[in-house]
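Presented below is the structure to which this report refers.
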Amino acid sequence: MMKEVVVFAYNFPHRKTQDFLFHLFGCGIKVDHVFAADAVKLDIPPSEVRTKIRHCTPLHPSDVAESIGSQYHQVPHQGSQINSLIEEINPEIGIIAGARILQADVINGFSNGIINFHPGLIPEVRGLDALLWSIRNDISLGVTSHLIDERVDAGKILDRRTIDLHEDDTIFDLSERLYEIQLEMLPDAIDRAQKSMTEEVDFKSGTYKRKMNGDMERETVAMLPKYLERKLL
């Protein structure tokens, strides 16, 4: 029997937060608590090339949490307030549906860890713009579920899955497929975390990638047809 399950989320309408909560509910996995953090201004320049479909997310996470029977906590994802909550709840598993970098004291409060889904194969592709870096470096497109640690896009690997490719794929198709497979992987990742079915990898074989500048973004998107041609041989 699973103890408390916590979903880390944003305290504003956000597609991944909404979809993760509804998908977990639909799979029969009870989310006991939602830790929702307010928006934080990041020192990351916006992309000059769009790689994701524009979506409208009308539901606020607090409404979604109420509809699926979860307790909703508007709380920063670091600091004394969340640490007190974790101590009180004694959660087993955390799932990231929206969060910034979590600190060790938060991570260590979960008996079976906190699961993240990264839209790239770890350790080959860590960091930002994983889709574009995969194309640029001729690495297969896929998603990694892993238990986070204090490093970025690192920790014990739960699963790695590649996505199907088609000759007429656009950058938007690939981005969407990478997103959808995260939902598909959710129940299995939780099961693996419960059973400690993890894999250690050598992170020296991959380096953290920073955000691409606009010129690199445009160059990389232009490389997509040749990338697909090679991968579909």
Side-chain angles (χ1 to χ4, degrees), residues 8 10 14-16 20 39-54 77-78 95-104 107 113-165 169-183 185 189 198-232:
F8 288 84
Y10 293 132
H14 179 252
R15 184 192 180 199
K16 188 170 181 176
F20 267 45
V40 176
K41 184 173 176 57
L42 300 177
D43 189 24
I44 300 174
S47 297
E48 294 183 25
V49 176
R50 192 163 59 87
T51 60
K52 295 181 181 180
I53 299 169
R54 292 192 181 98
H77 287 165
Q78 58 182 336
I95 301 158
I96 295 179
R100 304 306 175 197
I101 303 300
L102 300 180
Q103 304 300 315
I107 298 169
I114 298 175
I115 302 169
N116 182 52
F117 295 86
H118 177 66
L121 297 181
I122 293 174
E124 297 95 315
V125 187
R126 298 169 55 209
L128 301 174
D129 285 336
L131 166 58
L132 295 178
W133 281 113
S134 297
I135 293 170
R136 191 174 189 89
N137 293 329
D138 203 31
I139 297 168
S140 296
L141 293 173
V143 169
T144 306
S145 59
H146 64 109
L147 297 175
I148 66 171
D149 60 21
E150 298 94 323
R151 299 168 294 177
V152 178
D153 295 333
K156 295 180 179 178
I157 303 298
L158 295 167
D159 196 10
R160 300 187 349 147
R161 295 189 194 177
T162 56
I163 62 171
D164 293 333
L165 301 177
D169 274 334
T170 68
I171 201 75
F172 301 108
D173 294 318
L174 299 174
S175 175
E176 190 69 5
R177 211 170 297 134
L178 285 170
Y179 175 75
E180 289 173 347
I181 202 170
Q182 296 178 47
L183 296 170
M185 293 168 71
T198 60
E199 174 192 352
E200 298 279 1
V201 300
D202 179 11
F203 283 92
K204 293 178 182 177
S205 63
T207 57
Y208 177 82
K209 302 296 186 186
R210 299 191 177 276
K211 182 160 185 58
M212 288 187 181
N213 61 40
D215 289 340
M216 287 185 72
E217 290 174 345
R218 284 182 282 273
E219 261 181 24
T220 306
V221 171
M223 294 165 65
L224 178 57
K226 289 293 185 184
Y227 173 87
L228 291 173
E229 189 177 308
R230 286 192 304 274
K231 293 297 182 186
L232 289 170

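Side chains included, hydrogens not; waters and symmetry mates left out as well; all remaining heavy atoms used.
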Show the nearest heavy-atom pair for residues [X] and [Y], with the distance to one decimal.
| X | Y | result |
| --- | --- | --- |
| K52 | S175 | CG-OG, 3.3 Å |
| A99 | F8 | CB-CB, 4.1 Å |
| I139 | Y227 | O-OH, 2.6 Å |
| G98 | H14 | CA-CE1, 4.4 Å |
| Y10 | R100 | OH-NH1, 3.1 Å |

Got a second to check how far [X]'s [atom1] is from [Y]'s [atom2], nearest 0.5 Å?
| X | Y | atom1 | atom2 | value |
| --- | --- | --- | --- | --- |
| E219 | N213 | CD | CG | 8.5 Å |
| R230 | L165 | CZ | CG | 11.5 Å |
| I163 | R161 | CD1 | CZ | 13.5 Å |
| L132 | L224 | CG | CG | 9.5 Å |
| T144 | I157 | OG1 | CD1 | 5.5 Å |
| L174 | D164 | CG | CG | 11.0 Å |

Among V221, T220, D215, whose side-chain contact (heavy atoms from CB on, under 4.5 Å) with R218 holds?
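Exactly one pass, corresponding to D215.
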Give me the one residue out of I101, N116, D153 that meets side-chain contact (heavy atoms from CB on, under 4.5 Å) with I148.
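Answer after filtering I101, N116, D153: N116.
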Give the C-alpha distance, both sets of side-chain angles, the deciding distance and a yes or no for side-chain contact (heavy atoms from CB on, under 4.5 Å) between Y179 and R15.
CA-CA 10 Å; Y179 175 75; R15 184 192 180 199; 3.3 Å; yes
Between [X] and [Y], is any pair of side-chain heavy atoms under 4.5 Å apart?
| X | Y | answer |
| --- | --- | --- |
| R54 | F172 | no |
| I96 | L102 | yes |
| R177 | L141 | no |
| P119 | L131 | no |
| Y208 | L128 | yes |
| E199 | R160 | no |

Between D129 and R136 (salt bridge meaning N to carboxylate O under 4.0 Å), is one present in this structure?
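No, no charged N to carboxylate O under 4.0 Å.
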Determine, for E217 against K211, whether the closest basic-nitrogen to carboxylate-oxygen distance falls under 4.0 angstrom.
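Looking at E217 and K211, the cut-off is met.
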Strictly distance-based, threshold 3.5 Å: is any side-chain N or O of [X] a donor or acceptor partner for the main-chain N or O of [Y]?
| X | Y | result |
| --- | --- | --- |
| H118 | V125 | yes |
| S145 | A189 | no |
| T170 | D173 | yes |

Walk me through it: do K209 and N137 pass the test side-chain contact (heavy atoms from CB on, under 4.5 Å)?
CA-CA 11 Å; K209 302 296 186 186; N137 293 329; 3.9 Å; yes
Might you work through the side-chain contact (heavy atoms from CB on, under 4.5 Å) test for L121 and S140, ending with a clear yes or no?
CA-CA 8 Å; L121 297 181; S140 296; 4.1 Å; yes
R126: which residues meet the salt bridge (charged side-chain N to carboxylate O under 4.0 Å, His left out) condition with it, sequence neighbours left out?
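Per chain and number, R126 pairs via salt bridge (charged side-chain N to carboxylate O under 4.0 Å, His left out) with no residue.
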Using a cut-off of 6.0 Å, state whether more than 12 heavy atoms not belonging to R210 lie near its atom CZ.
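Open: at most 12 neighbouring heavy atoms sit under 6.0 Å from CZ of R210.
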Heavy-atom count around K231 NZ within 6.0 Å, excluding the residue itself: above 12?
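Yes, NZ of K231 has more than 12 neighbouring heavy atoms, counting only those of other groups under 6.0 Å.
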Take I115 and L147 through the test side-chain contact (heavy atoms from CB on, under 4.5 Å) and record every step on the way to the result.
CA-CA 5 Å; I115 302 169; L147 297 175; 3.8 Å; yes
